[in-house]
Asks: 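Starting off with a structure, shown below.
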Amino acid sequence: MAKSNPGQSSPSKGERKVELPATMTVKQLAETLGISGVEVIKQLMQNGVMAGINQTIDYDTAAIIASDMGFEVREKAEAEAEVIVREEDEKQLKPRPPVVTVMGHIDHGKTKLLDAIRQTNVVASEAGGITQHIGAYQVETHGRKITFLDTPGHEAFTAMRARGAKVTDVAVLVVAADDGVMPQTLEAIDHAKAAGVPIVVALNKIDKPNVNLDRVKQQLAEAGLVVEEWGGNTVCVPVSAKMKKGITDLLESILVVAEMLELKANPDCPASGVVIEAGLDKTKGPMATVLVERGTLNPGDPVVVGDTWGKVKAMFNDVGKRVKKAGPATPVKILGLNAAPQAGDTFVVTATDREARATAERRQLERQQKIVRPVRPVKLDDVYAQIKAGQAKELNLILKTDVQGSIEPIKNSLERLEFGEVKVKIIHSGSGNITEGDVLLALASKGVIIGFHTTPTVGAQRLAEAEGVDIRLYDIIYDLVEDVERAMKGLKEPEYAEVTEGRAEVRAVFAAGKKEKAAGLMVTEGRLRRDSLVKVIRKGQVVHQSKITSLRRFKDDVKEVAAGMECGLVVDGFSAFEPGDIIEVFRREKVG
């Protein structure tokens with residue numbers, strides 16, 4: 001992406017307004033701005049971008065060039081002909097089944113509950129039907145259908161949101177009556193709330209002896225879900241997936257919640273929807289399970305699915321039966337694509353095969369150039385500009401800390417911040433490392449991740465870098481709150497300098513538990529302190545950065561080790577030490 005050239009002289013901004021698409025060629029930018037292509041290429045070069053007249057550039061780069069030349073720039077809404085969802089006449093809309101995702105803590109019975117629902121209420125389960133897993137299925141109760149998405153968990157649910165797919169109407173939260181609310185339960189609640197999806201609680205395992213339902217309901221209330229019998233608005237249904245008890249009550253409760261949402265769609269138009277899962281069948285080729293969101297899908301329809309395309313050769317429901325049509329909120333597995341798409345990709349029926357292929361090929365090119373992203377991540381530095389432009393009503397934050405006790409004071413300090421009508425909203429908080437699930441939630445919710453005395457896992461760091469998600473790490477609460485407040489008010493962020501406190505050389509590597517490894521060190525400069533920030537340097541390159549979690553002299557835990565001494569150390573999230581690695585301990589200080 002280009003960087004603005006402060007030395008560039010330009011007319012005062014705001015003289016002319018221009019809307020630019022997410023991607024465009026240099027030639028198209030020149031024509032839009034009414035200047036020569038040579039001038040645009042020159043400006044790009046001055047901003048460090050080498051591009052030819054027919055090369056594609058992204059919105060951010062084009063916006064900087066246009067802004068430097070005196071234009072007030074806005075991003076044009078995506079207007080692909082094949083994905084426009086036109087406003088429809090109310091008369092064309094008809095009630096559709098609700099789409100439900102089941103989430104919960106591991107071992108709380110989510111899979112058994114889905115199996116119990118499926119075995120007792122599967123639609124079209126006539127004799128001879130071969131049951132097969134298609135990632136989604138419909139059940140029927142009292143003549144009304146419900147569509148269930150069988151996702152691996154809340155992270156898969158949020159990953160689809162991050163790709164722009166918002167398919168779920170209702171979330172069913174499975175909570176084991178004997179176990180209560182657990183960390184993954186809290187994460188699932190936060191992910192569902194961030195998506196704005198109503199939650200129905202399925203209180204499972206009520207068949208177990210000595211379960212205390214009131215204790216679990218109290219835990220749910222503390223997590224922000226007050227059940228109806230306690231005066232709240234959260235529907236809570238006791239069930240036993242093992243004994244198949246309460247299943248009908250649960251389905252009826254889902255339908256009651258769905259009625260309040262007044263779910264409708266137009267079945268009489270070209271179909272569009274989203275991919276639930278996809279893969280390559282050894283005998284049948286590329287297959288995709290899709291959920292129709294509007295319109296009706298038929299065999300023979302030409303479709304573009306993400307950056308793949310084809311013609312629907314056949315459609316199957318979840319019992320392996322061929323179906324001739326699939327209306328809104330209906331899941332089907334389809335054959336006929338040229339390649340397997342990705343979960344979360346959108347599909348749409350086009351007028352012709354040629355149009356489907358052309359659209360897919362253009363998307364392939366864009367994906368290769370890495371300029372297509374369904375959600376543009378939010379940077380803390382950009383918050384003020386979004387507030388001024390009226391694009392932000394709240395600043396979504398994901399807060400992770402080293403210990404549970406740090407969450408409340410930080411949360412309280414942040415939620416008191418406001419600028420005009422804009423307030424801070426903590427959409428998820430928890431203790432431990434920043435995970436890939438946190439990054440996906442930030443991407444889907446246009447949020448920023450704040451870490452206090454904690455660091456991202458290697459996978460989370462890579463995903464954040466790839467997707468452009470902003471992760472901010474702090475050791476002092478005051479600095480954390482001050483930076484967020486400065487961002488909201490558009491003040492210049494204070495600069496930090498790294499001050500090296502000590503260095504050591506890895507002499508040996510040994511086991512420090514089942515998975516962790518410790519490094520045997522000789523401290524060569526300064527001091528090493530427990531809980532300090534640390535870099536692992538190999539051949540002059542930083543291979544990991546986090547903090548020291550354990551520091552030992554012989555068998556004793558120590559707070560610090562001075563130069564000339566040997567010690568053993570464990571680094572958070574890192575075990576791949578090699579003899580000769582340099583361990584550098586540092587702290588961050590504000591400049592000025």
Side-chain angles (χ1 to χ4, degrees), residues 153-163 183-184 186-195 373-387 392 394-404 406-415 417 422-488 493-494 496 533 544-547 572-574 588:
H154 58 265
E155 289 188 13
F157 164 82
T158 302
M160 290 187 70
R161 279 187 61 226
R163 291 180 56 78
Q184 279 182 299
L186 295 171
E187 287 185 15
I189 291 170
D190 287 341
H191 283 239
K193 283 183 175 178
R373 185 168 285 147
V375 179
R376 193 178 297 281
V378 170
K379 302 289 185 183
L380 196 59
D381 299 339
D382 301 335
V383 169
Y384 179 72
Q386 293 193 3
I387 292 171
E394 54 194 15
L395 171 57
N396 290 333
L397 298 180
I398 291 93
L399 174 63
K400 295 301 286 283
T401 65
D402 55 343
V403 293
Q404 198 72 23
S406 300
I407 294 174
E408 280 308 311
I410 297 174
K411 202 171 176 181
N412 291 338
S413 298
L414 288 172
E415 288 181 337
L417 298 178
V422 181
K423 294 184 177 181
V424 171
K425 183 179 181 183
I426 310 293
I427 58 173
H428 175 61
S429 60
S431 57
N433 286 114
I434 295 162
T435 65
E436 291 178 57
D438 297 324
V439 176
L440 287 170
L441 182 56
L443 182 62
S445 306
K446 296 186 178 181
V448 174
I449 298 173
I450 302 290
F452 180 74
H453 277 296
T454 189
T455 54
T457 63
V458 174
Q461 185 68 49
R462 286 177 183 160
L463 182 61
E465 289 172 359
E467 297 291 352
V469 170
D470 200 3
I471 298 179
R472 298 297 183 102
L473 305 177
Y474 297 91
D475 296 306
I476 300 169
I477 292 179
Y478 174 79
D479 290 341
L480 185 161
V481 177
E482 185 184 45
D483 278 8
V484 174
E485 185 174 21
R486 282 175 171 271
M488 292 176 72
E493 186 178 345
Y496 291 88
L533 296 172
H544 184 75
Q545 181 172 311
S546 56
K547 68 175 182 177
D572 188 23
F574 187 77
R588 289 193 178 98

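The chain is numbered in sequence order, starting from 1.
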Asks: Nearest 0.5 Å, what's the CG-NE2 distance between Leu186 and His191?
Replies: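 These two atoms lie 11.0 Å from each other.
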Asks: Taking the side chain as everything from C-beta on, heavy atoms only, tell me whether Ile427 gets closer than 4.5 Å to Leu397.
Replies: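 In short, these two side chains do not touch, never coming nearer than 4.5 Å.
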Asks: Does the pair His453 and Asp475 meet the rule for a side chain to side chain contact (heavy atoms under 4.5 Å, CB included), with working shown?
Replies: CA-CA 5 Å; His453 277 296; Asp475 296 306; 3.6 Å; yes
Asks: What's the spacing between Ser406 OG and Leu480 CG if we round to 0.5 Å?
Replies: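 If we round to the nearest 0.5 Å, Ser406:OG and Leu480:CG are 10.5 Å apart.
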Asks: About how many Å separate CD of Glu467 and CZ of Arg462, when rounded to the nearest 0.5 Å?
Replies: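 The CD atom of Glu467 is 15.0 Å from CZ of Arg462, to the nearest 0.5 Å.
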Asks: So, for Ile471 and Ala464, which heavy atoms are closest and what is the spacing to 0.1 Å?
Replies: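 The pair with the smallest heavy-atom distance is CD1-CB, 3.6 Å.
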Asks: Among Thr455, Asp438, Thr454, which residue meets the side chain to side chain donor-acceptor pair (under 3.5 Å) test with Lys400?
Replies: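 Going through the options one by one, the only one that passes is Asp438.
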Asks: Mind listing the closest non-hydrogen atom pair of Leu441 and Ala194 along with its distance?
Replies: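 Closest heavy-atom pair between Leu441 and Ala194: CD1-CB, 3.9 Å.
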Asks: Listed by chain and number, what are the ring-ring contact (aromatic ring centres under 6.0 Å, His included) partners of His544, not counting sequence neighbours?
Replies: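 Phe574.
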Asks: Mind checking the CG-CG spacing from Asp470 to Leu443? Nearest 0.5 Å is all I need.
Replies: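 So the CG of Asp470 and the CG of Leu443 are separated by 12.5 Å.
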Asks: Testing the basics here: between Ile449 and Ala442, what is the closest heavy-atom pair and its distance to 0.1 Å?
Replies: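 Scanning both residues, the minimum pair turns out to be CG1-CB, 3.8 Å.
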Asks: Of the non-hydrogen atoms in Pro456 and Gln461, which two are nearest, and what is the gap between them?
Replies: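 Reported closest heavy-atom pair: CG-OE1, 2.9 Å.
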Asks: Between Thr401 and Leu399, is any pair of side-chain heavy atoms under 4.5 Å apart?
Replies: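 Result yes, sub-4.5 Å side-chain heavy-atom pair found.
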Asks: Going through the checks in order, is the side chain to side chain contact (heavy atoms under 4.5 Å, CB included) test met by Leu414 and Val484?
Replies: CA-CA 8 Å; Leu414 288 172; Val484 174; 3.9 Å; yes
Asks: State whether the side chain of Asp572 and the backbone N or O of Ser546 hold a donor-acceptor pair below 3.5 Å, judged by distance alone.
Replies: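 No, Asp572 side chain to Ser546 backbone: no donor-acceptor pair under 3.5 Å.
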Asks: What's the separation between atom CD1 in Ile398 and atom OG in Ser445, rounded to the nearest 0.5 Å?
Replies: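 One gets 6.0 Å once the value is rounded to the nearest 0.5 Å.
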Asks: For Val481 and Ser413, which heavy atoms make the closest approach, and how far apart are they?
Replies: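 Where Val481 meets Ser413 most closely, the heavy atoms are CG2-CB, 3.7 Å.
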Asks: For Tyr474 versus Asp479, what's the shortest heavy-atom pair and its separation?
Replies: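 Minimum heavy-atom separation between Tyr474 and Asp479: CE2-O, 3.9 Å.
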Asks: CD of Glu482 to CD1 of Ile476: how many Å apart, nearest 0.5 Å?
Replies: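 With rounding to 0.5 Å, CD (Glu482) is 10.5 Å from CD1 (Ile476).
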Asks: Do Asn412 and Ile410 have side chains that get closer than 4.5 Å, going by heavy atoms?
Replies: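 Result no, sub-4.5 Å side-chain heavy-atom pair not found.
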Asks: Walk me through it: do Leu440 and Leu463 pass the test side chain to side chain contact (heavy atoms under 4.5 Å, CB included)?
Replies: CA-CA 8 Å; Leu440 287 170; Leu463 182 61; 4.1 Å; yes
Asks: Evaluate the side chain to side chain contact (heavy atoms under 4.5 Å, CB included) criterion for residues Lys547 and Asp402: first the C-alpha distance (whole Å), next the side-chain angles of each, then the deciding distance (0.1 Å), finally the verdict.
Replies: CA-CA 11 Å; Lys547 68 175 182 177; Asp402 55 343; 3.9 Å; yes
